Amino acid sequence: MTYSIFEDTDLTAQIAQSEIEAALVGADDGELYFEQSVAENFSFDDGRLKSASYDAGRGFGLRRVIGLASGFAHATEMTPASLRRAAAAVRGADRGQTGVWADGPTRTNQRLYGDFDPTLSPTFAAKSELLQEIDTYVRGLDARVIQVSASLAAEQSNITIFRPGMDPVFDSRPLVRIGISVTVEQHGRRETGYAGAGGRSSYEQWIDPSNWKSMAQEAVRQAVVNLDSVDILGGEMDVVLGPGWPGILFHEAVGHGLEGDFNRKGESVFAGRIGEQVAAKGVTLVDDGTLQERRGSLTVDDEGTPTSRTVLIEDGILKGYMQDRQNARLMGVASTGNGRRESYACPPMPRMTNTIMENGQDDPAEILASLTDGIYAVNFGGGQVDITSGKFVFQCTEAYLVKNGKIGAPVKGATIIGDGPTALTKISMIGNDLALDPGVGVCGKAGQGVPVGVGQPTLKIGSLTVGGAG
């Protein structure tokens, strides 16, 4: 697919290049980031199409970096005059300093996703009919189903990044997601379940009946399991985390603490600890933005740097941090391709892409069999994390009591409490069943949300605090 970010505007690529050359004279770094995007959302609830929206927009963000300072301005007015006003505004970052211009990002010919617009196919009518079909199918799976919510979402973002002395960098980014939420009722008790999936691809693979029907079955299964859940007494106990989505715990509790800005400022518990043993032996944690069509993947980050597979922790040893260009420059290292922004209206900052704990050697069945008194946590909901200390609280949406290696009753309302750095040292068994999440993650930082991925094998962690009814 071809596109022009400047269609129906007074700008051309030549004008944009000229303006950025002038705007960044004397700076250390910076870029002119153009974005043109379309997004759609369909929501089906109470047996009807509840909402359908389509949004389109475009604009630019101009950033000028001088040492520790950066000036940022953005606008939707795509004119030379608007660019010049933005250039004047970002000079407020200078404070009398004189910059030495940084080398630009390396170029790449890789493509991690197709060049198409997922909002164009299938048709509006087909998407609406699919949601109705999902609703009918779910209600037929179990007589206890009383509520079904289904959603489809897609977006296409075309970006162009200009830097002085370099050819523009282009990227065309698709993203889709499907979600199914179910409520069941039995003897006056109501419980919910959810399943979803997505990635940087077209709708077609996700709306294939074999895929959405398995999601529907999973959502109903979770809800029905929770009908039999029992209260759990709080206390300190060993925990086994299932593979895949439970990696969100380490994304939050550890991943944010390994982002470059927090470590440069000394705000992270991992600051200044490169080369130290920060996790149990066998623990290897990577951030990989190069995985084909994954939700967190990007061909280039939002500064134009190709994404990479960044080893953060290897065999328990802290190896490095995730870096954008500014923090990497200030710390004397190279960018890892983790400069990300929510949109043209936001400045970039170091963010995760797909954060994954790699396989170990243990059989998952043996890991569960080794658990004498604890819980097996399969799915998580929301959580809270303090970046400075690494302390976290996560709610389990599906978890089970385990006694002498045998899975027992599901538990209701369990929370897992601890701190990331300590939890890393208490990992005693690592499975060989690495799985990635289904493609539904959104990460928040400084008011910006970006799509991310997580993954892990089955893990056993000793002595975490589990909150419950008592």
Side-chain angles (χ1 to χ4, degrees), residues 28-31 33 61 63-72 93 102-106 159 161 163 169 171 248 250-274 278 285-291 294-313 318-356 385-388 390 420 441-454:
D28 290 342
D29 206 346
E31 71 285 313
Y33 179 95
R63 184 176 63 140
R64 179 180 174 88
V65 178
I66 296 282
L68 292 168
S70 63
F72 180 76
D103 292 336
T106 57
I159 69 160
I161 302 174
R163 289 174 52 84
V169 174
D171 199 16
I248 192 64
F250 285 103
H251 164 102
E252 294 289 356
V254 177
H256 281 297
L258 296 175
E259 293 168 337
D261 50 353
F262 294 127
N263 287 280
R264 177 182 62 79
K265 298 172 186 176
E267 296 173 352
S268 168
V269 290
F270 297 105
R273 299 187 64 189
I274 297 293
V278 297
L285 185 69
V286 303
D287 186 83
D288 193 344
T290 70
L291 303 177
R294 296 300 303 180
R295 182 172 173 84
S297 296
L298 293 171
T299 299
V300 294
D301 73 2
D302 295 324
E303 298 176 306
T305 305
T307 55
S308 63
R309 178 183 180 275
T310 303
V311 178
L312 305 170
I313 298 172
L318 181 61
K319 293 294 186 178
Y321 308 120
M322 291 165 279
Q323 299 285 4
D324 63 348
R325 289 180 59 83
Q326 183 180 20
N327 286 283
R329 178 181 171 88
L330 292 168
M331 295 179 75
V333 296
S335 170
T336 56
N338 287 90
R340 304 191 64 187
R341 64 182 95 203
E342 182 177 277
S343 74
Y344 68 87
C346 305
M349 65 181 81
R351 304 290 301 272
M352 285 173 274
T353 57
N354 303 298
T355 309
I356 300 164
V385 179
D386 183 327
I387 300 299
T388 303
V442 177
C443 174
K445 177 180 176 180
Q448 296 188 40
V450 297
V452 295
V454 299

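Numbers here simply count residues along the sequence, with the first being 1. Because the structure is predicted, anything quoted here is derived from the model rather than measured. Keep in mind that the numbers below use all heavy atoms, side chains included, and drop hydrogens, waters and symmetry copies.
Note: Thr299 OG1 to Asp171 CG = 4.5 Å, rounded to the nearest 0.5 Å. If you take CG on Leu258 and CZ on Phe250, they are separated by 12.0 Å, rounding to the nearest 0.5 Å. Rounding to the nearest 0.5 Å places OG1 of Thr336 at 10.0 Å from CG of Asn327.
Between the Glu342 side chain and the Val450 main chain, no donor and acceptor come within less than 3.5 Å of each other. Checked by atom type and distance alone, the side chain of Glu252 never pairs as donor or acceptor with a backbone atom of Gly420 at under 3.5 Å. A donor-acceptor distance shorter than 3.5 angstrom exists from the side chain of Asp301 to the backbone of Thr305, with no hydrogens or angles considered.
Taking all atoms of both residues into account, the shortest heavy-atom contact from Pro105 to Gly304 is CB-O, 3.5 Å. Scanning both residues, Ser70 and Val65, for their nearest heavy atoms gives CB-CG2, 4.1 Å. Residues Gly260 and Met331 share a closest heavy-atom pair of O-SD, 3.7 Å. Closest of all the heavy-atom pairs between Ala328 and Ser335 is CB-N, 3.6 Å. Arg341 approaches Asp302 most closely through the heavy-atom pair N-OD2, 2.7 Å. Across all their heavy atoms, Met322 and Met352 have their closest contact at SD-CG, 3.4 Å.
Using a 4.5 Å heavy-atom cutoff, the side chains of Thr355 and Leu285 are in contact. With a 4.5 Å cut-off on side-chain heavy atoms, Asn263 and Gln323 do not count as touching. No side-chain heavy atom of Leu312 sits less than 4.5 Å from a side-chain heavy atom of Tyr321. No side-chain heavy atom of Gln448 sits less than 4.5 Å from a side-chain heavy atom of Ser343. Counting only heavy atoms from C-beta outward, the side chains of Val452 and Arg295 never approach each other to under 4.5 Å. Counting heavy atoms from C-beta on, the side chains of Val254 and Phe270 come closer than 4.5 Å.
Judged as a salt bridge (charged side-chain N to carboxylate O under 4.0 Å, His left out), and not counting sequence neighbours, the contacts of Arg63 are Glu31, Glu303. Under the salt bridge (charged side-chain N to carboxylate O under 4.0 Å, His left out) criterion, Glu259 pairs with Lys445, not counting sequence neighbours. Applying the salt bridge (charged side-chain N to carboxylate O under 4.0 Å, His left out) criterion to Asp29, with sequence neighbours excluded, gives Arg163, Arg325.
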Worksheet entry | Worked verdict on His256 versus His251 for side-chain contact (heavy atoms from CB on, under 4.5 Å) | CA-CA 7 Å; His256 281 297; His251 164 102; 4.0 Å; yes

Worksheet item: Hey, mind stepping through Asp324 and Asn338 against side-chain contact (heavy atoms from CB on, under 4.5 Å) and telling me if it holds?
Response: CA-CA 5 Å; Asp324 63 348; Asn338 287 90; 5.9 Å; no

Worksheet item: Would Asp28 and Arg329 count as a side-chain contact (heavy atoms from CB on, under 4.5 Å) if you check the C-alpha gap in whole Å, the side-chain angles of each, and the deciding distance to 0.1 Å?
Response: CA-CA 9 Å; Asp28 290 342; Arg329 178 181 171 88; 3.7 Å; yes

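Checked against Asp287 for a side-chain hydrogen bond (donor to acceptor under 3.5 Å, both in side chains), the options Thr307, Asn354, Thr310, Thr353 give a single hit: Thr353.
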